[in-house]
Amino acid sequence: MTIDKHTVALVTGADRGLGAKFVEVLLAQGAGKIYAAMRRPAEHPAYPADSRVVPLQLDVTDASQVEAAARIATDVTLLINNAGVNFQAGALSASQPDSARREMEVNYFATLSMAQAFSPQLIAARGAMVNILSILARITLAPMTTLCASKAAALRLSEGLDAELAPHGVRVFAVMPGAIDTDMSRDYEGDKLSTDAVVHATLAALDGGEREVYVGQMANDVARMLAADRLTIQTQIVGARAASAG
């Protein structure tokens, strides 16, 4: 998919951070219309000052608002499920299970809800869906166990959606960056990706065939190590079976 005047994008969580950067870059690349979905658009009356941007009230966990958004945005060709939460809580944290439930609601169930609501538009346009996940969909950090679980669930969901929508000409991308320099990662002391780098890498991937998009050295290193470990394990299993059979 090439971003051009025929592109009609809907970006969730568009009021700040990565979502706001998606709107900015889509405009710069010539998108024809962008629905900037956010929970409180009235707080951003001039965001941004471009006639191609349509502010849209949307709490992705509110089924009635998702349905209303789908009735308004009937011309969407590119859905970017960017909204997400991270309470940075381990499984045994005192805040559990409330934070885990909220992470699943936003990071998994809301993505499912948006996919169900907007799949007719995407099928009609032979468009694309982008689900912004994290490399933590592939590996677990104990202090963020429930966040990792929600992202892993969203990765499995993305795979299933891609399989279901592929026959209709719709592609579904799971984007898995390392830490990004946003409020969500403000306490992370390691290297962080810029929002600009993540957005440009994501949009560039729309022209490719890979459905899993790893952004940044951290994410790519983790993916390579996991691939190597899986190959080793498979070899050991095959060897054990061969020895047993002999």
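Because the structure is predicted, anything quoted here is derived from the model rather than measured.
- At a threshold of 4.5 Å between non-hydrogen side-chain atoms, the residues I123 and F118 do not count as touching.
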>> The test is side-chain contact (heavy atoms from CB on, under 4.5 Å); show your working for Q57 and Q65 and say whether it passes.
In response: CA-CA 8 Å; Q57 182 173 7; Q65 289 191 21; 4.0 Å; yes

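- We find that R39 and D59 are not joined by a salt bridge, their nearest charged nitrogen and carboxylate oxygen being 4.0 Å or further apart.
- Considering every non-hydrogen atom in both C148 and T140, the closest pair reads SG-CA, 3.7 Å.
- The two residues A115 and L161 have their closest heavy-atom pair at CB-CD1, 3.7 Å.
- Counting only heavy atoms from C-beta outward, the side chains of Q29 and L203 approach each other to under 4.5 Å.
- Within the structure, side chain to side chain donor-acceptor pair (under 3.5 Å) pairs that include any residue of residues 41-56 comprise R40-E43, D50-R52 (at least two apart or interchain).
- For Y108, there are no side chain to side chain donor-acceptor pair (under 3.5 Å) partners, not counting sequence neighbours.
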>> What verdict does the side-chain contact (heavy atoms from CB on, under 4.5 Å) test give for D98 and F87, after you've listed the backbone C-alpha separation in whole Å, the side-chain angles of each residue and the deciding distance to 0.1 Å?
In response: CA-CA 10 Å; D98 292 340; F87 291 104; over 6 Å; no

> Given M114 and L58, is the side-chain contact (heavy atoms from CB on, under 4.5 Å) satisfied, shown in steps?
Replying inline: CA-CA 11 Å; M114 290 292 290; L58 178 59; 3.9 Å; yes

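- Checked against L133 for a side-chain contact (heavy atoms from CB on, under 4.5 Å), the options M176, E212, R138 give a single hit: M176.
- Judged purely by atom type and a 3.5 angstrom limit, T74 has no side-chain atom pairing as donor or acceptor with the backbone of R71.
- Residues G17 and T195 share a closest heavy-atom pair of C-CG2, 4.2 Å.
- Rounded to the nearest 0.5 Å, atoms OG1 (T146) and CZ (R102) are 13.5 Å apart.
- Using a distance-only test at 3.5 Å, with no hydrogens or angles considered, no donor-acceptor pair links the side chain of S134 to the main chain of A137.
- Residues S64 and D62 share a closest heavy-atom pair of OG-OD1, 2.5 Å.
- A donor-acceptor pair under 3.5 Å is formed between the side chain of N220 and the backbone N or O of G216.
- Distance NZ/K21 to CG/D196: 4.5 Å, rounded to 0.5 Å.
- Between atom CE of residue M1 and atom CG of residue D4 there is a gap of 9.0 Å, rounded to the nearest 0.5 Å.
- V60 is not listed as a side-chain neighbour of F109, based on a closest heavy-atom distance of 4.5 Å or more.
- The closest donor-acceptor contact from the side chain of D15 to the backbone of P41 lies at 3.5 Å or more, if one exists at all.
- Looking at heavy atoms from C-beta onward, H200 lies in side-chain contact with V25 at the 4.5 angstrom threshold.
- The side-chain heavy atoms of R224 and V222, taken from C-beta on, include no pair separated by under 4.5 Å.
- Not one N or O on the side chain of R171 forms a donor-acceptor pair closer than 3.5 Å with the backbone of A166.
- Residues L10 and L56 form a side-chain contact, since some pair of their non-hydrogen atoms from C-beta on lies under 4.5 Å apart.
- The local environment of CD in Q217 is sparse, with at most 12 non-hydrogen atoms from other residues, nucleotides or ligands closer than 6.0 Å.
- The line from CG of L78 to CD1 of I34 is 9.5 Å long, rounded to the nearest 0.5 Å.
- Contact detail for G19 and V11: the closest heavy-atom pair is O-CG1, 3.8 Å.
- Taking every heavy atom of both residues into account, A205 and V213 meet most closely at CB-CG2, 3.6 Å.
- At least one donor-acceptor pair under 3.5 Å links the side chain of S93 to the backbone N or O of S95.
- A distance of 12.0 Å separates CG of L157 from OG of S150, quoted to the nearest 0.5 Å.
- Interatomic distance, CD of E103 versus CD of Q88, reported as 9.5 Å (0.5 Å rounding).
- With Q96 contributing its side chain and A100 its backbone, the two residues share a donor-acceptor pair below 3.5 Å.
- Under the 4.5 Å side-chain criterion, counting only non-hydrogen atoms from C-beta, T77 is not in contact with H6.
- Side-chain contact check for Y214 and D221: no donor-acceptor pair (N or O, by modelled atom type) lies under 3.5 Å.
- V130 places none of its side-chain heavy atoms less than 4.5 Å from the side chain of L79.
- Every pair tested for side chain to side chain donor-acceptor pair (under 3.5 Å) that includes a residue from residues 109-125 fails, sequence neighbours excluded, so the list is empty.
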>> For a side-chain contact (heavy atoms from CB on, under 4.5 Å) check, start with the C-alpha distance between D162 and V170, then their side-chain angles and the critical distance, and finish with the verdict.
In response: CA-CA 7 Å; D162 187 56; V170 178; over 6 Å; no

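- Side chains of T12 and N81: a donor-acceptor N/O pair is absent below 3.5 angstrom, by distance only.
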